[in-house]
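Here is how names work: the chains are called A, B, and so on, in the same order as the sequence lines, proteins then strands, and each is numbered from 1.
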4 protein chains.
Amino acid sequence: MKRNKPKYMQIIDAAVIVIAENGYHQAQVSKIAKQAGVADGTIYLYFKNKEDILISLFKEKMVLFVEKIEEVIAGKQTVSEKLLVMIENHCRILSDDHHLAIVTQLEIRQSNKDIRLKINDVLKGYLELVDKILISGIESGEFSSDLNVRLARQMIFGTLDEMATTWVMNDQKYDLVEQVPAIHKLLLHGCRGRN
Amino acid sequence: MKRNKPKYMQIIDAAVIVIAENGYHQAQVSKIAKQAGVADGTIYLYFKNKEDILISLFKEKMVLFVEKIEEVIAGKQTVSEKLLVMIENHCRILSDDHHLAIVTQLEIRQSNKDIRLKINDVLKGYLELVDKILISGIESGEFSSDLNVRLARQMIFGTLDEMATTWVMNDQKYDLVEQVPAIHKLLLHGCRGRN
Amino acid sequence: MKRNKPKYMQIIDAAVIVIAENGYHQAQVSKIAKQAGVADGTIYLYFKNKEDILISLFKEKMVLFVEKIEEVIAGKQTVSEKLLVMIENHCRILSDDHHLAIVTQLEIRQSNKDIRLKINDVLKGYLELVDKILISGIESGEFSSDLNVRLARQMIFGTLDEMATTWVMNDQKYDLVEQVPAIHKLLLHGCRGRN
Amino acid sequence: MKRNKPKYMQIIDAAVIVIAENGYHQAQVSKIAKQAGVADGTIYLYFKNKEDILISLFKEKMVLFVEKIEEVIAGKQTVSEKLLVMIENHCRILSDDHHLAIVTQLEIRQSNKDIRLKINDVLKGYLELVDKILISGIESGEFSSDLNVRLARQMIFGTLDEMATTWVMNDQKYDLVEQVPAIHKLLLHGCRGRN
DNA sequence: AATGAATGAGCTTTCATTCAT
DNA sequence: GATGAATGAAAGCTCATTCAT
């Protein structure tokens, strides 16, 4: 298992720092190697190529992301609460790791279509989690059975992503978590759709 | 006025096609020139550099975008209607120009931070339009005065952007405009927030 | 006769200014045209190509240079006096036209070997003048008949040129003409060679 | 120490040959790399950029130049002898390396002002050597204490440089070293200045 | 005579990847 | 497993010159 080899995560963590601090196009393999404290060639013992570093990076971080959110959702009963803790954790995880926020919201998006598609694959794990919450809401009767789950999921993810990106673009100078209740209200009422 | 010089728009239109068909990083200046039917050097009579082509491209298209939407909104009374025609036009404009959709949703985002920031500046025109609609809703009493305009705008734009990007990523193989009523309902209820 | 057409000298004078102020490699034909107040294409009605502007420039200025010096020499009897007024005028002409000094001492030398050779041809007029002075010195007995005229001329021209270049390189911040008597003494004694 | 890395001198020597044989503006990095038997990219492991090759080239050769001359001067007592061996070596070093002569007398001077200034800095080492000889002449009483060292140095260097440049411009078809005694006599008498 | 829009050839430098040690 | 020197392909931009008006 790759993940158990110490240098694997060492290189990924180095990549996050180097990309966040230098930007995607200035994150040369040699810089990542230097930050990780290994030789350039060593990178290629753990990753197929540069693209593989990026996708692996995203995969590793996203797994933690989804695990964390699944964990906090588990204890919640109503869809409102589930949505709330999901939004809260989404914002908190990004707030807690400024480097990661920069990488996921700004830098990684500069990659080409191939990489974007692979990243989207990884993202599916998160989107399915959102779907699960929405479906639980329909089943509990809190949401109408007419709710278009795919569109609602796009609204939720699109909104959170836009919020986060704007926040990063503004150099993270305001508090993202503070806005959680307001966003929760907007999205919840959007999904409820009765008024 | 730049826009009146025929080659200016000729080059911009060529850039949209070349970027859409080859991807951002494979859209060399020489390819754009060839597509536009001019010499490489001619590009530089109309644009400062490659970056300037991209920003101008985005600016020109966004101006048309905003003008068109302002026009259709003008005739509408209720905020619900305004939102509907805005969403409808957002989707229709992208649907009607597949090349443009690819460029704005996927390719242009691969540009570096400098260009991204300038593109964001251009985008402000559109975001202010959304704000105007939201404020008109508050003034007419259709939306609560408690509505956080900035967050609501991020929800609306984030949702539309996510929808459009997903649609382009899926090779535009379903009908985007068809989803307008459902999205309108989601966003409107989100903003109304009474239920 | 080219020289009588007003735009011919207009373009040459513009070239001196543009080259002096921007440097040889930044003196584009379009800049010279603009400075001269004519269209780019007009340049080519008066000069075969860019190279021709440079050589013509040097030729026109050198003719004035040689004419002036021949004039002042004419009135002098001894070789010492002739040498003195030659040196004096060499320094004064450069001192009086800072732009020209920059162009002849620094910028024009950045041209390629072809142009250098043609410039050297033009320079011959001046070198022959120096030879004439030296020969008059031998004939009058002031200089030994053993004097190697070619080498002495190289000494004289090389010394004046090095002085002038150093002075221009130091931004012409000291007085070149002030040094004339000392240089005259050095060169005269070099040529006399009896001690 | 850069100079000990074999490829460093290999590239510099290749640059001398390529510049001498093709001219400054036709000495592309790829040509130099080919001549040196390395890949284009390898050049940039040893030099910051193309400019750096030129300046390093001049620096390395000038160091040898100055070292050599300092060595031969050391054994000489009178200023006349010192001047003689200096002139002799100046001419001999250029005569012995035709490529180097072309590069230093013609090609390198086509570089832009930035490079010229850096080259002038390197040249200072040589000019200081000339000053040292002149001062030793004043101290020994061979030269008058009235001698303007700066001007005398400009005469000596200017004369040698002009001789060498003319010789290279004439395709080095006569013997430069043969002229050493005559030049020595001219310059020595110029400095002595008593006659 | 004068214009100036259009042309298109040409080159330095970067950086992901390899492979001998 | 680890190293890091070496590789070499690839592209944006400039500017002297032309020529239709």
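The number of heavy atoms from other shown groups lying within 6.0 Å of NZ (D:Lys59) does not exceed 12.
Following rounding to the nearest Å, D:Ile43 (CD1) and F:dT7 (P) show an atom-to-atom distance of 10 Å. A straight line from CG of A:Asn22 to C1' of E:dC15 spans 14 Å, rounded to a whole angstrom. Distance OH (A:Tyr46) to P (F:dG1): 6 Å, rounded to an integer number of Å. To the nearest angstrom, C1' of E:dC11 lies 16 Å from NZ of D:Lys34. Spacing between atom CG of D:Asp52 and atom P of E:dT13 amounts to 10 Å, rounded to whole angstrom units. For the pair A:Tyr24 OH and E:dA16 C1', the interatomic distance rounds to 12 Å; values are reported in whole Å.
The nearest pair of heavy atoms linking A:Ile43 to A:Val29 is CG1-CG1, 4.1 Å.
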Quiz prompt | Nucleic acid footprint by protein, nucleotides 11-21 of chain F - heavy-atom cut-off 4.0 Å, B for base, S for sugar-phosphate alone | solution = SSBBSSBB---

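Under the 4.5 Å side-chain criterion, counting only non-hydrogen atoms from C-beta, A:Thr104 is not in contact with A:Lys61.
At least one donor-acceptor pair under 3.5 Å links the side chain of D:Gln10 to the backbone N or O of D:Ala36.
The pairing partner recorded for F:dA20 is E:dT3, the criterion being a Watson-Crick or G-U wobble arrangement whose two distances lie under 3.5 angstrom. Checking F:dT14 for Watson-Crick or G-U wobble geometry (two distances, each under 3.5 Å) identifies E:dA9 as its partner.
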Quiz item: Can you check side chain to side chain contact (heavy atoms under 4.5 Å, CB included) on A:Phe58 and A:Leu54, steps first, answer last?
Solution: CA-CA 6 Å; A:Phe58 197 73; A:Leu54 290 166; over 6 Å; no

Exercise. Could you go through the salt bridge (charged side-chain N to carboxylate O under 4.0 Å, His left out) check for D:Lys118 and D:Asp121 one step at a time?
Key: CA-CA 5 Å; D:Lys118 285 175 187 162; D:Asp121 262 355; over 6 Å; no

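Taking side-chain N and O atoms only, B:Lys7 has no distance below 4.0 Å to OP1 or OP2 of E:dA5.
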